[in-house]
Amino acid sequence: MANFSKSTVPQFSVDVYQNEFLPEGGRDVSAIVTVTSTGGGTSGAAGLGGFGRAGGLTGGGTAGVVIMVDCSGSMDYPATKMRGAREATAAAVDTLRDGTSFAVVAGTHVAKEVYPGNGGLAVADPRTRAEAKEALRRLSAGGGTAIGTWLRLADRLLSSAELSIRHGILLTDGRNEHESPEELRAALDACAGRFTCDARGVGTDWEVKEVTGIASALLGTADIVADPAGLAADFTSMMETAMDKGVADVALRLWTPVGVEIVFVKQVAPTVEDLTGRRTEAGPRAGDYPTGSWGDESRDYHVSVRVPRAAVGQEMLAARVSLLAPDPAGGDPRPLSQGLVRAVWTDDLAMSTSINPQVAHYTGQAELADVIQQGLDARKSGDRDGATAKLGRAVQLAAASGNADTAKLLSKVVDVVDAATGTVRLKAKVAEADEMTLETRSTKTVRVKR
């Protein structure tokens with residue numbers, strides 16, 4: 001492992017876990033790449049370019065956040081949703097650090113600026129926080145839902161100032177019925193890479209795939225808040241996490257030698273997110289995969305490559321994984337840290353057939369996320385046998401990996417007869433909130449024990 005960080009910027013490290021040994025003619029190489037950032041959040045020194053701080057690794061300016069609040073007519077049914085949304089947004093505003101640029105947007109079939117309302121952003125201080133909360137009191141429900149317009153307005157507002165980190169928080173309670181899926185997709189494509197966004201669904205009348213799709217496209221988190229009374233605590237937690245981000249637009253760069261094919265690149269912790277299709281070319285045999293903004297945290301990535309066949313005794317560099325941040329001056333990205341993925345051919349059967357524990361663990365976690373989704377889809381379509389088989393496999397995987405949170409969510413959808421064998425029975429009645437919670441959180445993983 002090499003580390004190029006200096007003490008004046010966030011420290012990034014890269015650790016690679018793999019079984020580098022292949023049998024004669026073997027081609028598939030898998031590695032878990034653990035990326036750890038320290039000093040990029042609240043523990044970091046001033047001047048890192050994070051929320052409420054100027055300058056730094058990722059360029060000039062401070063950081064900004066736009067809160068998008070669903071104000072469609074359905075937010076009045078029950079009235080606790082609109083009230084909860086106002087209170088949650090006020091709590092988020094209170095959590096803003098002094099110096100953070102911010103705005104609030106009301107979302108219906110159109111997007112409207114609530115505060116500051118001048119086509120730009122306000123800078124957080126006691127006065128602007130009080131003004132924003134006063135403006136929130138005037139929010140009322142009425143109209144439809146066109147989330148793409150909310151995102152495009154957030155993008156315009158965040159682009160109105162020199163910012164090092166741009167972030168959005170989006171709340172909705174319903175389906176995106178006043179624009180086509182293609183219009184929402186176009187808005188997400190336009191905003192991807194320009195700001196990150198956390199998305200929340202309140203109640204049970206929204207579409208899980210829409211909300212999780214927004215968060216996925218914009219490298220944020222998604223979750224359900226079934227009871228509006230929980231919104232304020234959730235918004236406060238979200239904003240606190242956002243405030244801890246200290247460096248933005250970090251790319252995971254994968255360089256491979258001639259003849260090596262990339263099978264996939266996935267984030268596997270804290271959630272499963274397939275990054276393979278998000279590659280942007282970065283020179284000969286190199287490509288960048290977006291990772292978004294970082295605070296003090298650690299994430300795991302699964303890299304799978306296919307190498308040329310080779311004879312026993314040969315070895316090669318299968319891939320080089322690097323972390324890079326944008327250069328404030330507009331030059332080449334700055335290297336932060338790197339790790340190497342190797343391939344060594346051997347005739348020792350025990351060495352070549354051993355599965356690295358980290359690779360095995362996250363292969364199971366990715367399968368867990370897949371079979372939950374497949375099982376819920378089968379259940380919705382009336383395929384009880386298919387749903388039972390898939391959700392039973394999910395129970396088995398969750399138990400084997402120690403993913404207690406997912407196991408608990410699964411137990412609300414199926415009766416577990418034997419977790420070790422994945423023997424389950426579908427529950428006759430399942431609360432809609434429980435099913436939506438399982439679907440929304442299906443990609444959350446448990447970290448491997450090392």
Side-chain angles (χ1 to χ4, degrees), residues 66-77 81-82 85 103-114 119 139-160 166-225 271 273-280 290 292 369-370 373-374 376-382 432 435-436 439-443:
V66 173
I67 305 171
M68 293 160 273
V69 185
D70 191 337
C71 292
S72 60
S74 57
M75 286 290 287
D76 254 349
Y77 302 96
K81 281 196 288 190
M82 195 68 242
V104 179
V105 167
T108 60
H109 54 283
V110 294
K112 296 180 180 178
E113 297 177 47
V114 175
L139 283 183
S140 60
T145 306
I147 295 175
T149 64
W150 314 356
L151 295 167
R152 289 184 184 275
L153 177 55
D155 184 31
R156 290 196 297 274
L157 293 171
L158 289 167
S159 300
S160 67
R166 296 177 173 88
H167 188 69
I169 289 176
L170 184 147
L171 173 71
T172 184
D173 83 319
R175 293 171 175 81
N176 198 44
E177 295 177 337
H178 290 81
E179 65 182 1
S180 68
E182 291 75 21
E183 287 173 312
L184 176 58
R185 183 73 253 172
L188 289 171
D189 289 343
C191 296
R194 294 176 61 80
F195 66 95
T196 55
C197 184
D198 295 323
R200 295 293 186 268
V202 59
T204 57
D205 293 330
W206 48 280
E207 180 62 46
V208 171
K209 287 181 173 61
E210 282 181 353
V211 170
T212 57
I214 291 165
S216 174
L218 301 181
L219 298 174
T221 64
D223 208 349
I224 178 175
V225 185
T271 59
E273 189 67 59
D274 194 342
L275 302 176
T276 312
R278 303 191 190 190
R279 175 186 173 103
T280 56
D370 286 341
Q373 190 62 62
Q374 292 165 10
L376 291 176
D377 287 345
R379 186 179 179 280
K380 291 173 185 175
S381 68
E432 190 172 14
E435 184 174 7
M436 291 178 69
E439 185 176 4
T440 305
R441 299 178 184 172
S442 62
T443 60

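Scope of the values below: all heavy atoms of this structure, side chains included, with no hydrogens, waters or symmetry mates. Each residue takes its place number in the sequence, starting with 1.
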* **Residue pairs, two or more places apart or on separate chains, that pass salt bridge (Lys or Arg N to Asp or Glu O under 4.0 Å) and touch residues 212-225** => Asp223-Arg441, Asp223-Lys444

* **Beyond-backbone contact of Glu113 with Leu157, side-chain heavy atoms, under 4.5 angstrom** => yes

* Please identify each residue that fulfils side-chain hydrogen bond (donor to acceptor under 3.5 Å, both in side chains) with Ser140, with sequence neighbours left out. => none

* Structure fact -> Heavy-atom closest pair (Arg185 atom, Ala217 atom, distance to 0.1 Å) is NH2-CB, 3.7 Å

* Could you pull out all residues at least two apart from Asp155 that satisfy salt bridge (charged side-chain N to carboxylate O under 4.0 Å, His left out)? => Arg194

* Under the salt bridge (charged side-chain N to carboxylate O under 4.0 Å, His left out) test, residues paired with Asp377 that sit two or more places apart -> Lys209

* **Set of salt bridge (charged side-chain N to carboxylate O under 4.0 Å, His left out) partners for Glu435, sequence neighbours left out** => Arg379

* State, yes or no, whether a side-chain contact exists between Val211 and Thr172 at a heavy-atom distance under 4.5 Å. => yes

* Quick one: does Ser442's side chain have a donor or acceptor within less than 3.5 Å of a partner on Glu439's backbone? -> yes

* To do: Would you give the length of the straight line joining atom NE2 of His178 to atom CG of Leu184, rounded to the nearest 0.5 angstrom?
  => 14.5 Å

* **Residues forming a side chain to side chain contact (heavy atoms under 4.5 Å, CB included) with Pro290, sequence neighbours excluded** => Leu219, Arg278

* Structure fact -> Note: Cys197 and Phe195 closest approach over all heavy atoms is CB-CE1, 4.0 Å

* What residues, two or more places apart in sequence or in another chain, satisfy side chain to side chain contact (heavy atoms under 4.5 Å, CB included) together with Thr204? -> Glu432, Ala433, Met436

* All salt bridge (charged side-chain N to carboxylate O under 4.0 Å, His left out) counterparts of Arg156, not counting sequence neighbours -> none

* Which residues satisfy the side-chain hydrogen bond (donor to acceptor under 3.5 Å, both in side chains) test with Ser74, sequence neighbours excluded? -> Ser72, Asp173

* To do: Output the distance between atom CE (Met75) and atom CG (Leu139), rounded to the nearest 0.5 Å.
  => 9.5 Å

* **Over all atoms of both residues, closest heavy-atom pair of Gly292 and Thr196** => CA-CG2, 4.3 Å

* To do: Heavy atoms only: give me the nearest Ile224-Thr440 pair and the separation to one decimal.
  => N-CG2, 3.9 Å

* 4.5 Å side-chain heavy-atom contact, Leu275 and Glu273 -> yes

* Measure the OG-CZ distance between Ser159 and Arg166 for me, rounded to the nearest 0.5 Å. => 5.5 Å

* With Arg279 via side chain to side chain contact (heavy atoms under 4.5 Å, CB included) - residues at least two apart -> Ile262, Glu281, Tyr289

* To do: Give, for atom CG of Leu171 and atom CG of Asp198, the distance between the pair rounded to the nearest 0.5 Å.
  => 12.0 Å

* Structure fact -> Separation between CD (Glu183) and CG (Asn176), nearest 0.5 Å, reads 9.0 Å

Solution key, residues 145-153 side-chain donor-acceptor pairs under 3.5 Å, sequence neighbours excluded:
residue : atom : partner : partner atom : Å
Thr149  : OG1  : Ala146  : O            : 2.6
Trp150  : NE1  : Thr108  : O            : 2.8
Trp150  : NE1  : Ala146  : O            : 3.2

* If you look at every heavy atom in Lys81 and Val202, which pair is closest and at what distance? -> CD-CG1, 4.3 Å

* Is there a donor-acceptor pair under 3.5 Å between the side chain of Ser216 and the backbone N or O of Thr212? -> no

* Set of side chain to side chain contact (heavy atoms under 4.5 Å, CB included) partners for Val225, sequence neighbours left out -> Arg200, Leu231, Asp234

